Amino acid sequence: MKVEFIDFSEQYHTIKAEIDVGLKKVFEKGNFILGQEAKDFENEFAKYCETKYAVGVNSGTDALYLAVSALDIDVGDEVILPTFTFIATALCISYTGAKPVFVDVEEDTYNLDPKKLKAAITKRTKAIIPVHIYGQSANMKEILSIARKHNLKVIEDAAQAHGATYKGKRVGSLGDVACFSFYPTKSLGAFGDAGMIVTNDDKTYKKCLMLRDYGREGRYEHKIKGYNSRLDTVQAVVLSAKLKRLDEWNRMRNKNVSHYCELLAGEKDIKLPKIKKDRTHVFQTFAVRVRNRDKICEAMNQQGISVLIHYPIPLHLQEAYKDLGYKKGDFPIAELTANEIISLPMYPHMKKAQIEYVCHTLKRLVKTYRT
Ligand SMILES: *Cc1c(COP(=O)(O)O)cnc(C)c1O
């Protein structure tokens, strides 16, 4: 049996008719950039995230970069983030000239560890970027309380957590500003690159609107040096159709996870994800931990099961950030996680038989490579 890491073909068929109609309209009208459909989708997405505003941009990376810029973070400033995340969380800081300051993650959720925050705060610290890794919110109560005490802004990197909740509130509505990616493999994915910034703050909203459109206010007046980072209408049509089904798809992901966990329960060499009581997890990624991860990964792929690693190298050990002077051993939990984590196939329309095959194969391989 072959099991793809992600297969959205069945999902596509549930929205094809609606997308076909919507796209045809856009092609006929020719309103390709920030057309009415894009504005509609911004409103729908803001409502979904329980925020006042949403600003559609080119990608999740741009959403982060524009959000960081909108908070006036600049050369000489420092921004704190977890080392165990996708590199875009750090790049957005570097683009402004500010310095990323890494902290370690929690052993059970792989999210930024609030207990490690205080030691990382200096006079130069301006903001914290918690990442809701894999689809589960970070410990926002603790993070926000430390941030407020030190007068720091909080930018949520919600690129993996569309629809997740924390203490009954949607992620995206928890910090000062939040960023989403609609990269095709995310749980709300476009048919190309796209991203979104959401916020309740008027000033941040207005600045993000300008930043994504050449710093423009009106047609010919440029107030600041902005960028070209706008949501295109074609992607908005796709995303609108998908957003209507997102909660249902997130439920399907959770059902798949229940099935996975039932079948893997009691295997002492397979560490399953931990969902905190005050959150809902949307499982954009279903990641478990095993020893001898690299051998198991290779064997799984050979058996026709596509698995990936998110992420094998924490950011403080990436060559791109060697100038910051971190070394191996600086963030032991992130490093251990990076060595043991493995992402198993996950998408809403996965079949029970596929999950069974993945679990059966994984259990067998864990025994084979037990040391
Ligand atoms: C995907 C992702 C991004 C970047 O989003 P793009 O749309 O690919 O630019 C940023 N942060 C995290 C945590 C991500 O998973």
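All values derive from a computational prediction rather than experimental measurement. In each ligand, atom 1 is the first atom listed, and ligand 1 is the first ligand listed. Because only heavy atoms are used, hydrogens play no part in the values below, and waters and symmetry mates are left out as well, while side chains stay in.
When hydrogens are left out, the protein atom nearest atom 13 (C) of ligand 1 is Asp157 OD2, 3.4 Å; that is the closest non-hydrogen contact. Among protein heavy atoms, atom 7 (O) of ligand 1 sits closest to Ser181 OG, 2.6 Å.
By the 30° and 60° cut-offs, the orientation of the rings of Phe27 relative to Phe32 is tilted.
Checked for salt-bridge contact, Lys52 and Asp202 meet the test: a charged N lies under 4.0 Å from a carboxylate O. Using a 4.0 Å cut-off between charged nitrogen and carboxylate oxygen, Asp77 and Lys126 count as a salt-bridge pair. A salt bridge does not link Arg251 to Asp247: none of the charged side-chain nitrogens sits closer than 4.0 Å to a carboxylate oxygen.
Numbered from 1 in the order shown, with element, the atoms of ligand 1 that lie under 4.0 Å from a heavy atom of Val131 read 13 (C). When each atom of ligand 1 is checked for a heavy atom of Gly60 under 4.0 Å away, the hits are 5 (O), 6 (P), 7 (O), 9 (O).
Remark: ligand 1 and Gln160 share an N or O pair separated by less than 3.5 Å (distance only, no angle test).
Under the 4.0 angstrom criterion for non-hydrogen atoms, Lys186 is in contact with ligand 1.
Here the two rings, on Phe41 and Phe45, have centers that are under 6.0 Å apart.
Under 4.0 angstrom from ligand 1, the non-hydrogen atoms of Thr85 all belong to its side chain. Under 4.0 Å from ligand 1, heavy atoms of Thr61 appear from its side chain as well as its backbone.
Distance CG/Asp157 to OG1/Thr85: 5.5 Å, rounded to 0.5 Å.
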